[in-house]
*Asks:* 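Sharing a structure below in structure tokens format, with a few things to ask.
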Amino acid sequence: MDPTQRTSSSRVPAHQVSEIGLRPDTKASFSFPPEPSVGKVEHKLRLTAEEGSERFEELVTQLNWRMRECSSAEECADLEELSQYRDALYRLGVSDDGQVPGLSDAELAESLSVLKAMAAQIPATVTVISQTGGIGPGNRTAITALVRACQSSFFLRGGDEVRICTVGNVDSGKSTLLGLLTQGLQDDGRGRARAAVFRHRHEIESGRTSSIATSTLGFDQTGEVVNYRVDGSGLFRSEKPHHNIGRIEAQARIAEKSSKLITFFDLCGHERYFKTTLQGMVGLNPDYLLCTVDANRGEMRGMVHEHLVVAHALGIPAIICLTKCDVADEERRYAALLDVKRYMKQLGSKTLVVKDANDAVLAAERILQGYSPIFLCSAVTGAMVRELKLLLNVMSRRPSLFQKTLQTEPDLQIQIDEVFPQVPGVGLVIAGRVLHGTARPGDAVRIGPIVDASGGLLKDGFLSLRISSIRVQDHPVEQLRAGSSGTFALKSAGRTKVLTPRTLSRSKFLVGTKSILAPTRWVKATVTVLQHPSSIRVRYEPVLHVGMTRQTARVMSMTSSDGEPVDLLRAGDSADILFRWAHWPEIVEPGCALVFRENSVKGIGTVTWVGNLDEPREERTKEVSRKKSKVKQTKSKRKGSVESVAAKKTDTDKKTRKGLLQDKKKSKRPKR
């Protein structure tokens, strides 16, 4: 979605948005945005009601509505289970139009008492997360309270996770910031914090991420971090990390204690690994992007421009953190801030600089309406880290427009993120996210596409399996709903020889037995060219990214919106392009986002149609010759490997015989 389209529906008056922050600095005259009709934010000038009265029951019903974050009465009617309760934000001392007259101490105490009585009916806890005093001549106060359901292991009981991908240029401090957030480790300037996030030894030695690393941040009912105990400053861990605890076991413990869970995906910043970063941004379907910019450089550099362009095209809201503010002087910090604002304005997104807890709460509400919050933080001093945690604690999961528009696929559909062919004692295990339906142990499923060495489909492209167990953060669960991620142990009834690591590496989906999805060769998409040094013509072969699918495809035809043929496309042009997968069929669903690239991103679009067409004779001939050449190459490789093994064995035998003869000659020599 275009950020400018999201902003157009915002009811924030222009005079309420300052150049630097979201509101003016003067406490006496500031105001909040008007109360939204849907969502989890509720404004109350004052709460007065006796428990058990009709007014009190109305207030409890309203709290139920806000905590379930319903967009309609029909949606709320479908949510009967307690596990569907999330949280709500109540602003006390604030009118519906956003004005802040405030409350006296007695009125504030009475309103808080009524709110806690309302929350007890859920049950839920009430925590004051921000407060503004000194309002008006009577020194009145306005507060923002977080109301969260009283249940531990909320994520394991079916709660929705908030997924955030961290991006930014190389050496901008992405992994260091994650190490501070998830481990509470104060950085020493020599890689102490980032070492807790890296997966491989070469990453620790080079200080650069080369793979997608996953880490979690959990919050309890009161909004406190459960990953570690904080010290007196409330920022860093007060105890040494338990290095004897494995990463999986540590994440499982966090999930047990959490009422809200944030899952971070640490992506690569180096240009060399851009294809991995792009696959994470497109395939992992993040709710938000955490983008880091090195403030000490005084400007945005490198791949961060590419990351923000893709995020804007995909409609992913971005949180921008200016890192290393402890070593950057004021002039460089200000220059970097202006550069970020200027670039985000070019993308059509408004920015706001978070300066305190009130701004962080407002940013959580405004981020889904086209605003990009900016934090000036440091992993050494902990500057603005507390406010960043507050934003993460309050933020809601981004509504998926793709899932709302799909009404043709009610059956189970799981996107495969990673495959583990042989887990000891378990067998085949896949990690993925449920896109549609509900997965339960014992369900019959099909995995695909299953292709042979030449790229042809085996039968219908699927292999029948059965889900034997489901685990979330290393905990067994009885079901997993759409939007949740987990690992699935699979059992096969037969043809286990087909499930080779090479075959499974091409499988991207796990679908139900009644699913209408099928592998197809042809994809049609409405595409906009973002940048390209030359023109795009028919038979151009870029790399397509659709979800976790990544494969080269050929442009077969281009037409305008009127259906007229188009000969070439340049930067800024749009057209309907028909692609054909180069190697094997893929499973793609209409409505998915599509990105095509060479070394960098060239264009982005939306899939409008998938299917199979009659292959031209030339294409069929090329396809047959390609398959034959692949088979010959495979046979020659096997033959070459056998010959090389035989040659090595012959050389070894010769050396052995030569050594024995020399030993025999030495033994025959007379001793002096």
Side-chain angles (χ1 to χ4, degrees), residues 79 81-87 148-149 151-165 182 199 212-221 225-227 245-266 280 283-287 392-393 395-398 400 403 412-420 423-443 445 447 465-491 509-512 548:
L79 306 180
E81 299 180 4
L82 184 63
S83 62
Q84 295 289 341
Y85 285 93
R86 298 175 176 89
D87 49 34
R148 178 164 289 170
Q151 47 183 335
S152 61
S153 302
F154 174 56
F155 176 70
L156 297 179
R157 298 187 185 198
D160 297 326
E161 62 176 330
V162 178
R163 299 158 66 95
I164 300 177
C165 285
T182 61
R199 298 177 59 185
I212 300 177
T214 305
S215 55
T216 56
L217 177 64
F219 296 95
D220 60 12
Q221 295 92 334
V225 175
V226 302
N227 295 43
I245 298 179
R247 185 189 298 265
I248 297 178
E249 183 180 354
Q251 292 185 358
R253 292 187 181 183
I254 293 170
E256 285 180 352
K257 303 176 183 178
S258 299
S259 294
K260 182 172 185 176
L261 199 69
I262 309 292
T263 301
F264 291 102
F265 300 96
D266 189 19
L284 294 175
N285 191 22
D287 298 304
L392 297 174
N393 179 34
M395 277 195 319
S396 303
R397 182 185 167 196
R398 180 169 61 103
S400 176
Q403 292 181 4
L412 177 64
Q413 181 179 337
I414 301 173
Q415 175 183 275
I416 299 176
D417 299 335
E418 197 168 358
V419 178
F420 308 93
V423 177
V426 180
L428 174 61
V429 175
I430 64 107
R433 189 180 193 187
V434 181
L435 300 181
H436 304 290
T438 302
R440 298 179 179 85
D443 287 351
V445 293
I447 189 172
L465 302 169
R466 187 172 298 276
I467 301 176
S468 59
S469 63
I470 305 174
R471 301 181 78 88
V472 176
Q473 296 294 341
D474 203 34
H475 287 268
V477 295
E478 295 300 325
Q479 65 177 12
L480 205 60
R481 296 195 303 268
S484 301
S485 301
T487 55
F488 306 83
L490 304 175
K491 296 294 183 182
F509 279 96
L510 202 67
V511 299
M548 294 302 291

*Asks:* Do the non-hydrogen side-chain atoms of Ile262 and Thr216 ever get within less than 4.5 Å of each other?
*Replies:*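 They are not in side-chain contact.
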*Asks:* Work out which heavy atom in Ala439 is nearest to a heavy atom in Val434; give both atom names and the distance.
*Replies:*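 So the two residues come closest at CB-CG2, 4.5 Å.
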*Asks:* Shortest non-hydrogen contact from Arg433 to Gly483?
*Replies:*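 Looks like NE-O, 3.2 Å.
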*Asks:* Give the minimum heavy-atom separation between Ala149 and Gln221, together with the two atoms involved.
*Replies:*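 Looking at all heavy atoms of both residues, the closest pair is O-CG, 3.4 Å.
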*Asks:* Decide whether Asn393 and Arg148 meet the rule of one side-chain donor and one side-chain acceptor closer than 3.5 Å.
*Replies:*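 Yes, because at least one side-chain N or O of Asn393 sits under 3.5 Å from a partner of the opposite role on Arg148.
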*Asks:* Mind running side chain to side chain contact (heavy atoms under 4.5 Å, CB included) on Arg253 and Gln473 for me, showing each step along the way?
*Replies:* CA-CA 9 Å; Arg253 292 187 181 183; Gln473 296 294 341; over 6 Å; no
*Asks:* Nearest 0.5 Å, what's the CG-CD1 distance between Leu435 and Ile414?
*Replies:*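 Spacing of CG (Leu435) from CD1 (Ile414) equals 8.5 Å.
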*Asks:* Considering only heavy atoms from C-beta outward, does the side chain of Gln479 approach that of Pro441 to under 4.5 Å?
*Replies:*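 Gln479 does not reach Pro441 side chain to side chain.
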*Asks:* Run the side chain to side chain contact (heavy atoms under 4.5 Å, CB included) check on Leu284 and Ile212 step by step: do they pass?
*Replies:* CA-CA 10 Å; Leu284 294 175; Ile212 300 177; 4.3 Å; yes
*Asks:* To the nearest 0.5 Å, how far apart are CG in Leu261 and CG in Leu217?
*Replies:*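 Those atoms lie 8.0 Å apart.
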*Asks:* Under 3.5 Å, is there a donor-acceptor pair between the side chain of Arg398 and the main chain of Pro286?
*Replies:*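 Looks like yes, one N/O pair under 3.5 Å.
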*Asks:* What residues, two or more places apart in sequence or in another chain, satisfy side chain to side chain contact (heavy atoms under 4.5 Å, CB included) together with Arg471?
*Replies:*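 Applying side chain to side chain contact (heavy atoms under 4.5 Å, CB included) to Arg471 gives Asp474, Pro476, Thr487.
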*Asks:* For the pair Leu480 and Thr438, evaluate side chain to side chain contact (heavy atoms under 4.5 Å, CB included) and give the outcome as yes or no after the intermediate values.
*Replies:* CA-CA 6 Å; Leu480 205 60; Thr438 302; 5.9 Å; no
*Asks:* Looking at side-chain heavy atoms only, is the closest gap between Phe264 and Thr182 below 4.5 Å?
*Replies:*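 Sidechains of Thr182 and Phe264: in contact.
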*Asks:* For the OG atom of Ser259 and the CG atom of Asp87, what is their distance to the nearest 0.5 Å?
*Replies:*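 So the gap between those two atoms works out to 9.5 Å.
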*Asks:* Over all heavy atoms of both residues, which pair between Asp417 and Gly432 is shortest? Give the atoms and the distance, please.
*Replies:*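 Here Asp417 and Gly432 meet closest at OD2-CA, 3.8 Å.
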*Asks:* For the residue pair Arg163 and Ser485, what are the closest heavy atoms and their distance?
*Replies:*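 Distance-wise, the nearest heavy atoms are NH1-OG, 2.5 Å.
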*Asks:* Are any side-chain N or O atoms of Lys260 and backbone N or O atoms of Met395, one a donor and one an acceptor, separated by less than 3.5 Å?
*Replies:*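 Yes.
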*Asks:* Which is it for Ile164 and Leu392 under the side chain to side chain contact (heavy atoms under 4.5 Å, CB included) test, yes or no, and what are the steps along the way?
*Replies:* CA-CA 10 Å; Ile164 300 177; Leu392 297 174; 3.6 Å; yes
*Asks:* How long is the gap from CD1 on Ile416 to CZ on Phe488, to the nearest 0.5 Å?
*Replies:*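 Here the interatomic distance stands at 9.5 Å.
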*Asks:* Output all residues satisfying side chain to side chain contact (heavy atoms under 4.5 Å, CB included) with Ser469, sequence neighbours left out; order by chain, then residue number.
*Replies:*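 With sequence neighbours excluded, Ser469 shows a side chain to side chain contact (heavy atoms under 4.5 Å, CB included) to Ala489, given in chain and number order.
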*Asks:* Rounded to the nearest 0.5 Å, what separation is found between the CG atom of Asn285 and the CZ atom of Phe265?
*Replies:*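 Separation between the atoms: 10.0 Å.
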*Asks:* Hey, does the side chain of Asp266 reach the backbone of Ala213 with a donor-acceptor pair shorter than 3.5 angstrom?
*Replies:*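 Not confirmed, Asp266 side chain does not pair with Ala213 backbone.
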*Asks:* Only counting residues at least two apart or in another chain, list the ones meeting side chain to side chain contact (heavy atoms under 4.5 Å, CB included) with Asp220.
*Replies:*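 Result, side chain to side chain contact (heavy atoms under 4.5 Å, CB included) vs Asp220: Thr222, Glu224, Val226.
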*Asks:* Would you please name every residue forming a side chain to side chain contact (heavy atoms under 4.5 Å, CB included) with Asp443, sequence neighbours left out?
*Replies:*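 Counting only residues at least two positions away or on another chain, Asp443 forms a side chain to side chain contact (heavy atoms under 4.5 Å, CB included) with Arg440, Ile467.
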*Asks:* Say whether, by atom type as modelled, one donor and one acceptor occur between the side chain of Gln415 and the main chain of Gly283 under 3.5 angstrom.
*Replies:*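 Looks like yes, one N/O pair under 3.5 Å.
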